[in-house]
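Structure, as structure tokens:
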Amino acid sequence: MIALAIETATPACAVALEVDGAVAEEVLDLERRHTEVLAAGVARLLAATGVVPADLDRVVVDRGPGLYTGLRVGIATALGLALATGAGLLPVTSLEVLATAAARAGATGELVALVDGRRGEVFAQRFSLEPVTALDRARVLRPEALAPELAARPALLCGDGARRYRDAFAGAEVLDLAVPPPSAALELARGREPAETVVPLYLREADAVANFTTRTRAT
Amino acid sequence: MESVLGIETSCDETAAAVVRADLVTLSSVVESSIDQHRDFGGVVPELAGRAHVATIRPVVERALADAGLDPQRPGITGIAVTAGPGLVGSLLVGLSFAKALALAWDLPYVGVNHLEGHLFAPLLESPGLEWPLMTLLVSGGHSMIVYQRGPGEHEVLGETVDDAAGEAYDKVARWLGLGYPGGPVIDRLALEGSAARLPLPRGMLGSGLDLSFSGLKTAVVRATEGRDDLALADVAASFQATLAEQLLRKLRAALSHHDARSVALAGGVAANSALREGVAALAAELGVAAHLPALAMCTDNAAMIAAAGLHRLAHGGASPLTLSARPNWDLREVA
Ligand SMILES: [Zn+2]
């Protein structure tokens, strides 16, 4: 079984490749250069492992929530690879990947995974870690709105949203886990069936008014 | 024979096409998200980006199937994808998808300038077209006059200093409460009106061969503000005639200074009836061949990107997998 995992939900870009149980993982970039580094990184990782793309059985991809441009690059890449190789597509969410990685690192009890949502908001979901089970739905909210909930029901925190808004969650333990590791995505997807297609998990309506512009129309 | 898969996602069209080296189009699929943008009076970048990521795979799949190709063994020789100019969040969908295909199929791919794609569109319909060629490229995002001695050898003679022609249509349509996009509705209305009933000032041309449309939009607003007695059809006719007259004057001037043997219209506004008639008449008068694109070739499509890509792959070669989207890519920087 050969599976590739693509991670682009945060400013980081990372890939992992599993060949018959052996996993190689590489963080390609930390600075939002998904478009520039992803395809070249996948090519390099495959070549280094002696895998040709046609050998891929599965492509696991983080569908967010997270950075919209990053998700589009990651998902478009996964869709293209799946079409061209016939590999199965396995979507996972950034929040469940974070929880899986936290459990793998030995964390126990409850955890709230937090991905930076920009515009002063975080994407959040609470998990129980033994085994990893979601306790609510992924949602988007302001850190200040989450703080009272955490005070009433403490949990470990992880993700780049936890790191960025650490001060808003004073007292909570923040794990050193900002980027959802694609190796954890591989682990998470292991028992799942391939999906027909993948779309990003946005959790927000397109902010049509804020983003509105006709200037760049290029028909 | 060599053939290229073209992919286009620079604005609101998600498109894919397969074109052979002799410029025969084997397939061409275009999906537009325009209906999602209507209420906003223009393309909303975030909505366009979302539509591309949802549509890119089925569109490419269909283009391959229509050309009789197996997605796992397509037997093509390269891939061309629009790298700019356009909306960055839209461009990167097609670009990422194309890179993944290039990587998986082990094929060369090239990032194509969208405007150069438009310049190749006439060749798809008229492969025997005589050079040099003068092209009036008019769309919602761009308006320029380009002189070409041969394929890919372009010289921008003039371009808009403010709005694009299609943008002027959209703005005037919005002012008149006609909805979006403005081009088709104004064109239709204009057929029922008379330009003579509302003469607009002619003195708002840009300098030299450059174009300018914001003054015309202002003139329409001034001439119609508070006037309930005017027929919309007459306003539409007058605006359309004045805009076409400006474009044709510039095109005539360009043709008088350059030895073109053919003249072509390209871009979304090339669907405009007044402009088509005017270019045909001008070409006949000057004794050059006119190329007026089929309506399907006016809108953004991927066949034109594939055609430009065939040329680029044959002259200069492939792009690296590290290529970035170039939202402001100037045609003059294409070498
Ligand atoms: Zn265009």
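By convention in this document, chain letters (A, B, ...) are assigned in the order of the sequence lines, proteins followed by strands, and residues within each chain are numbered from 1.
One N or O on the side chain of Lys99(B) and one on the backbone of Thr35(A) form a donor-acceptor pair closer than 3.5 Å.
Between the CD atom of Glu36(A) and the OG atom of Ser96(B) there is a distance of 9.0 Å, given to the nearest 0.5 Å. Atom OG1 of Thr77(A) sits about 9.0 Å away from atom CG of Leu103(B), to the nearest 0.5 Å.
Of all non-hydrogen atoms in Leu321(B) and Ala39(A), the two that sit nearest each other are CD1-O, 3.9 Å. The two residues Ala104(B) and Ala84(A) have their closest heavy-atom pair at CB-CB, 3.5 Å. For Val73(A) against Leu92(B), the heavy-atom pair with the smallest separation is CG2-CD1, 3.6 Å.
Residue contact with chain B, scored on non-hydrogen atoms closer than 4.5 Å, is absent for Ala78(A). Contacts between Leu89(A) and chain B at a heavy-atom distance below 4.5 Å involve the side chain alone, from C-beta outward.
Sparse packing is recorded around CD of Glu193(A), with 12 or fewer heavy atoms of other residues, nucleotides or ligands lying under 6.0 Å away. Enclosure of atom CG in Asp176(A) is not indicated, since only 12 or fewer non-hydrogen atoms of other residues, nucleotides or ligands lie within 6.0 angstrom. Residue-environment remark: CG (Asp106(B)) stays at or below the threshold of 12 foreign heavy atoms within 6.0 Å.
Contact count versus chain B (heavy atoms, under 4.5 Å) is highest, among Thr85(A), Leu81(A), Val199(A), Leu83(A), for Leu83(A). Of the listed residues (Ala102(B), Ser324(B), Pro58(B), Gly94(B)), the greatest number of heavy-atom pairs within a distance under 4.5 Å of chain A belongs to Ser324(B). Taking Ser90(B), Gly49(B), Gly166(B) one by one and counting their heavy-atom pairs under 4.5 Å with chain A, the maximum is reached by Gly49(B).
Contacts between residues 63-84 of chain B and chain A, defined by a heavy-atom separation under 4.5 Å, are made by Leu64(B), Pro71(B), Gln72(B).
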Problem - Test side-chain contact (heavy atoms from CB on, under 4.5 Å) applied to Arg57(B) and Ile75(A), step by step - result: CA-CA 10 Å; Arg57(B) 176 161 139 164; Ile75(A) 290 176; over 6 Å; no
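At a threshold of 4.0 Å, the pair Glu46(B)-Arg72(A) counts as salt-bridged, since one of the basic side-chain nitrogens sits closer than that to a carboxylate oxygen.
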